[in-house]
Amino acid sequence: MEETIQQKKRLYSAVQPTNALTIGNYIGAIRNMVAMQDEYDCFFAVANMHAITVRQVPAQLRQKTLALVALYLACGLDPEKCTIYVQSHVPCHAELAWVLNTFTYVGEMERMTQFKDKSAKHADNINMGLMDYPVLMAADILLYKSDVVPVGIDQRQHLEITRDIAIRFNNIYSPTFVVPEGVYPKVGAKIGDLLDPSKKMSKSAENPAGTIFMDDDKDVIMRKFRRAVTDSDSEVRYDPENKPGVSNLLSIYTAFTGKSIEEAERQFAGVGYGDFKTAVGEAVAAKLIPVQAEQARLLAEKDYLNGILKAGAERAYKVASATLSKVYRKIGFYQL
Ligand code: ATP
Ligand code: LTN
């Protein structure tokens with residue numbers, strides 16, 4: 001019988017090491033990364049080059065970079081199965097981004113929703129990097145010939161522009177880049193703020209009372225859930241349009257328990273909002289407290305973490321530099 005060697009498909013994702021992560025990041029991105037790591041050949045980066053598009057305190061950026069690596073591992077990413085590395089350790093990202101800049105139009109970048117939002121929020125620092133952010137992200141993804149990219153729905157526009165840039169380049173030269181697909185969670189692709197579910201739960205929200213951070217302790221988690229907005233009827237039912245607060249809580253509950261929305265609705269039939277919110281808080285705390293302990297344990301093992309990052313950067317560089325040289329050849333850069 002003929003043996004067919006099935007190559008695993010390639011998966012790429014990254015998170016910025018800015019502020020503490022939220023359960024929105026966990027549900028929208030990290031949970032999917034963990035779930036997909038067996039099936040795909042995975043590359044996971046800490047996007048510190050993206051992080052500096054908003055001003056960072058250097059010592060904190062350094063600390064948060066390692067904290068994010070420890071969190072990846074504490075959430076279940078296995079360094080034996082996937083390549084975990086820091087973006088700035090692989091110079092190819094900046095190099096490919098420069099080339100891709102010449103295949104991207106200023107008008108396209110000006111239209112990006114995240115650029116407009118962040119420009120409004122950081123009006124004193126609308127730097128070129130903030131505008132160029134999606135091109136660097138395209139470079140990340142395309143360097144690794146990624147087939148799939150699990151992210152939250154807020155990143156869809158960046159995924160679309162990555163595809164456009166890849167197709168544009170392939171059409172001008174010859175097939176070079178794999179055109180990647182975004183993978184968005186079925187439930188929880190956009191977790192809302194607990195106090196204003198119409199807004200994305202964000203690391204950098206003005207009022208932290210509506211955000212559950214991955215490092216919140218149990219009392220804080222319970223208090224924030226108790227104050228979460230619901231509505232004026234009393235039925236625990238998933239209906240994002242008419243019941244945004246309750247639906248958001250149901251999304252969080254199902255993400256943290258693995259139950260389906262229908263199961264959760266049945267479980268909470270006839271239960272008051274107060275008890276429902278307590279149950280959601282308990283489910284979240286039950287998951288987060290052990291993750292926090294594991295993250296703290298790992299952070300004390302700096303040599304171990306550095307070893308993972310060193311091996312990760314080497315593996316990543318091998319793949320990325322091969323793509324970059326192909327690109328350089330195609331565009332006519334003289335090579336020695
Ligand atoms: P900020 O709000 O400070 O811009 P962020 O919270 O969006 O940052 P990122 O590092 O930009 O954090 O995002 C990491 C991943 O988490 C991305 O895949 C993003 O889509 C996802 N994500 C972020 N917030 C949410 C959310 N509220 N719901 C679902 N997914 C989210
Ligand atoms: N911009 C992303 C983080 C990120 C990313 C990537 C995600 C940087 N490079 C490549 C997927 C693929 C965000 O989540 N804000």
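Since the structure is predicted, the reported quantities are computational estimates derived from the model, not experimental observations. Counting starts at 1 for both ligands and their atoms, in listed order. FYI, the numbering just counts along the sequence from 1.
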Might you work through the side chain to side chain donor-acceptor pair (under 3.5 Å) test for Tyr273 and Asp231, ending with a clear yes or no? CA-CA 9 Å; Tyr273 283 164; Asp231 49 50; 2.5 Å; yes

When Met49, His50, His93 are each screened for side-chain contact (heavy atoms from CB on, under 4.5 Å) with Met137, the one that passes is His50

Per-atom filter on ligand 1: closer than 4.0 angstrom to a heavy atom of Ala29 are 15 (C), 16 (O), 18 (O)

Check: of Arg156, Lys199, Lys118, Gln155, min heavy-atom distance to atom 4 (O) of ligand 1 comes from Lys118

of all protein heavy atoms, closest to atom 31 (C) of ligand 1 is Gly24 O, 3.3 Å

among protein heavy atoms, the one nearest atom 8 (O) of ligand 1 is Lys203 CD, 3.6 Å

Contact region, Asp154 to ligand 2, non-hydrogen atoms below 4.0 Å, reads neither

Next item on the list: Give me the ring orientation class for Phe276 and Phe268: parallel if the planes are under 30° apart, tilted from 30 to 60°, perpendicular past 60°.
Entry: perpendicular

So the atoms of ligand 1 within less than 4.0 Å of a heavy atom of Ala189 turn out to be 28 (N), 29 (C), 30 (N)

At under 4.0 Å between heavy atoms, what of Ile141 touches ligand 2? The answer is side chain

Original post:
Do any nitrogen or oxygen atoms of Asp140 come within less than 3.5 Å of a nitrogen or oxygen of ligand 2?
Top reply: yes

Any heavy atom of Gln87 under 4.0 Å from ligand 2? The part involved is neither

*Before signing off on this row, confirm whether Gln155 and ligand 2 have an N or O atom pair separated by under 3.5 Å.*
yes

Closest heavy-atom pair, Thr83 versus Ala316, reported as atoms and distance to 0.1 Å, is CG2-N, 4.2 Å

Taking distance alone, with no angle check, do His158 and ligand 2 share an N/O pair under 3.5 Å? no

Does some non-hydrogen atom of Thr22 fall short of 4.0 Å from ligand 1?
no

